[in-house]
Amino acid sequence: MKKEEAASESPETEEASSLEPPSYQQDNKQQVQLSIQAPPSTVFTVSLRSIEFLTRHFPGSGINDWNNWQWQVRNSFTSLDKLNTILGLSAEESNSKAYGKNLPVRITPYYASLLDPTNPAQSLRRTVVPVAQELNISPGELEDPLSESHDSPVPLIVHRYPDRVLFLVTNFCSAFCRYCTRTHMVSKQDKVHSSQTEWDKAIEYIKEHTEVRDVLLSGGDPLTLSDSRIEYLLERLHKIPHVEIIRIGTKVPAVMPQRITRDLVNMLKKYHPLFLSIHFTHPDEITPEVMDACNRLADGGIPMGSQTVLLKGINDDAQIFKKLTHELLKIRVKPYYLYQCDPIPGSAHFRTPLESGLEIIRNLRGFTSGYAIPHFVIDAPGGGGKIPLLPDYVVGREGDDLLIKNYEGKTYRFPDYI
Ligand SMILES: *Cc1c(COP(=O)(O)O)cnc(C)c1O
């Protein structure tokens, strides 16, 4: 909803707009908005769809429970039996061997409310509900395809590039994506959040390595830690003189937007420059709740990028992908990377031919804002790092002229003397 419309509906404009979250008009009647006033530090948009889901499946709980992220974690769907209560599971989805053997199952009630209970082929449902195909191992699939354990000088640190490190602060996620690149890590259920002693050793490594100017916190999902534990990490890293920027890799804003409280944002913004890389997959994830969460983050001055894994039948359609990028820009998230799906065990049913990714990029460049275009990359098996792939725009040479093709396929010349 546009600001002016909101104002015209509410006589106490000034006051109301500063207290109430923005509400959004959706095409779909299912998503008619209600703005629920919860306790002051947690004012959240709640869609009618969420309320219906809550009422049907958690009759003993209310809106304040729903908006409490710890409640979302505690009440997540983690077993075949529990999923059976909300979804009509297909034969493929009911294979009990697919539950917990490779990768645990975990879906927040919020994300579960977005799943189509009758259609196993629905995009969001396929990303989190396990299927029997996960048990099939195809040629070239590996436990740790990126060889992260090889590039790990101390536990929890992956130091692959000259000036930045990946710091895996937890094995826990609020939702497990079925194509997770760190399946080998997060599946170790016995060890969930890492201990402070392990963190301290990793921080010590970063302190000693003055070339590290960029620290990327990932896991697992760092935003599943409490505010005080996140702050423990940020405070220590922020103090290190050579650490210029800190980034957090997360899917929490998409699967548990209730976690993005004002308190969290107020804490995060003390540690600028702090960036967030959010894992978004499909335009259906951009709900009023998610818009609200991302607006809070953006208003906290946190630059946001999105990392998307290309998935067969889910987001490999050029029009769907373009829609995702447009929806992201509207909530101030810059599409950052588009990944070819890593060859983790049992992921063949998700993997697309490379040409699909190139076709998506070809369909964006020139046809839409440059800001909407991510880098399409393969994270090279064996620890080679991210390698960019681009459609071929260079046609060839004619003497001192370079022949290049524009987005419409027309050829141009550019003087390029050797
Ligand atoms: C992806 C990644 C990074 C960050 O790479 P950027 O291209 O700077 O976003 C750093 N370390 C590792 C091991 C990574 O996989």
Side-chain angles (χ1 to χ4, degrees), residues 142-171 173 177 179-186 194 198-199 201-203 205-223 233-234 237 240 242-253 271-281 297 302-310 325 328 333-344 347 357 361 370-390:
L142 299 163
E143 281 290 321
D144 176 13
L146 309 183
S147 288
E148 292 191 328
S149 33
H150 283 255
D151 283 336
S152 182
V154 294
L156 313 187
I157 294 284
V158 183
H159 194 171
R160 170 168 304 149
Y161 295 110
D163 67 342
R164 54 209 189 279
V165 295
L166 184 61
F167 181 178
L168 305 172
V169 300
T170 176
N171 286 347
C173 265
C177 307
Y179 46 85
C180 177
T181 186
R182 301 223 174 79
T183 300
H184 65 286
M185 255 189 75
V186 298
S194 306
E198 290 173 291
W199 282 358
K201 283 188 192 136
I203 294 167
Y205 176 88
I206 296 167
K207 263 189 205 153
E208 285 164 8
H209 287 259
T210 53
E211 72 276 21
V212 177
R213 41 162 291 287
D214 176 359
V215 177
L216 173 47
L217 303 180
S218 185
D221 197 319
L223 294 188
L233 289 165
L234 294 180
L237 293 170
I240 302 174
H242 54 269
V243 173
E244 296 171 4
I245 67 167
I246 303 173
R247 300 190 250 175
I248 298 178
T250 180
K251 189 163 172 91
V252 156
Y271 302 98
H272 276 314
L274 177 79
F275 287 61
L276 221 56
S277 287
I278 311 177
H279 174 30
F280 280 110
T281 300
L297 290 163
I302 300 170
M304 291 178 283
S306 148
Q307 315 203 79
T308 302
V309 179
L310 191 54
T325 67
L328 288 172
V333 177
K334 157 88 182 83
Y336 179 45
Y337 277 132
L338 171 62
Y339 292 99
Q340 177 71 0
C341 183
D342 288 329
I344 58 139
S347 58
I361 301 299
Y371 266 107
I373 309 172
H375 303 283
F376 176 43
V377 294
I378 293 185
D379 216 332
K386 299 174 182 74
I387 301 178
L389 295 159
L390 262 185

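Just so you know, ligand 1 is whichever comes first in the structure, and atom 1 is the first atom listed for that ligand. Bear in mind that the values here come from a model prediction, so they are computed numbers and not experimental data.
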Please say whether K386 places an N or O atom under 3.5 Å from an N or O atom belonging to ligand 1.
yes
Going by the atom numbers of ligand 1, which of them fall below 4.0 Å from some non-hydrogen atom of V158?
13 (C)
Where ligand 1 meets L216 - atom numbers and elements under 4.0 angstrom, heavy-atom basis:
3 (C), 4 (C)
N/O separation below 3.5 Å, Y337 to ligand 1:
yes
Hey, could you give me the CD/CD1 distance between E208 and I203, rounded to the nearest 0.5 Å?
12.5 Å
Quick check: R164 and ligand 1, any N/O pair under 3.5 Å apart?
yes
Quick one: CG on L338 to NE2 on H375, what's the gap to the nearest 0.5 Å?
11.0 Å
I'd like to know whether ligand 1 has H159 as a neighbour, heavy-atom separation below 4.0 Å.
no
Atoms of ligand 1, numbered as shown, that sit under 4.0 Å from any heavy atom of Y336
6 (P), 7 (O), 8 (O), 9 (O)
Calculate, to the nearest 0.5 Å, the distance between atoms CG and CD1 belonging to L237 and I245 respectively.
12.5 Å
CG (L156) and NZ (K201) are apart, to the nearest 0.5 Å, by 9.5 Å
With rounding to the nearest 0.5 angstrom, report the CG to CZ distance, L233 to F167.
5.5 Å
Quick note on ligand 1: atoms under 4.0 Å from a heavy atom of R247 include exactly 4 (C), 6 (P), 8 (O), 9 (O)
Any Lys/Arg nitrogen of R160 or D151 sitting under 4.0 Å from an Asp/Glu carboxylate oxygen of the other?
yes
Got the closest protein heavy atom to atom 11 (N) of ligand 1, with its distance?
Y161 CD1, 3.6 Å
How long is the span from the CG atom in L234 to the CD1 atom in I248, to the nearest 0.5 Å?
5.0 Å
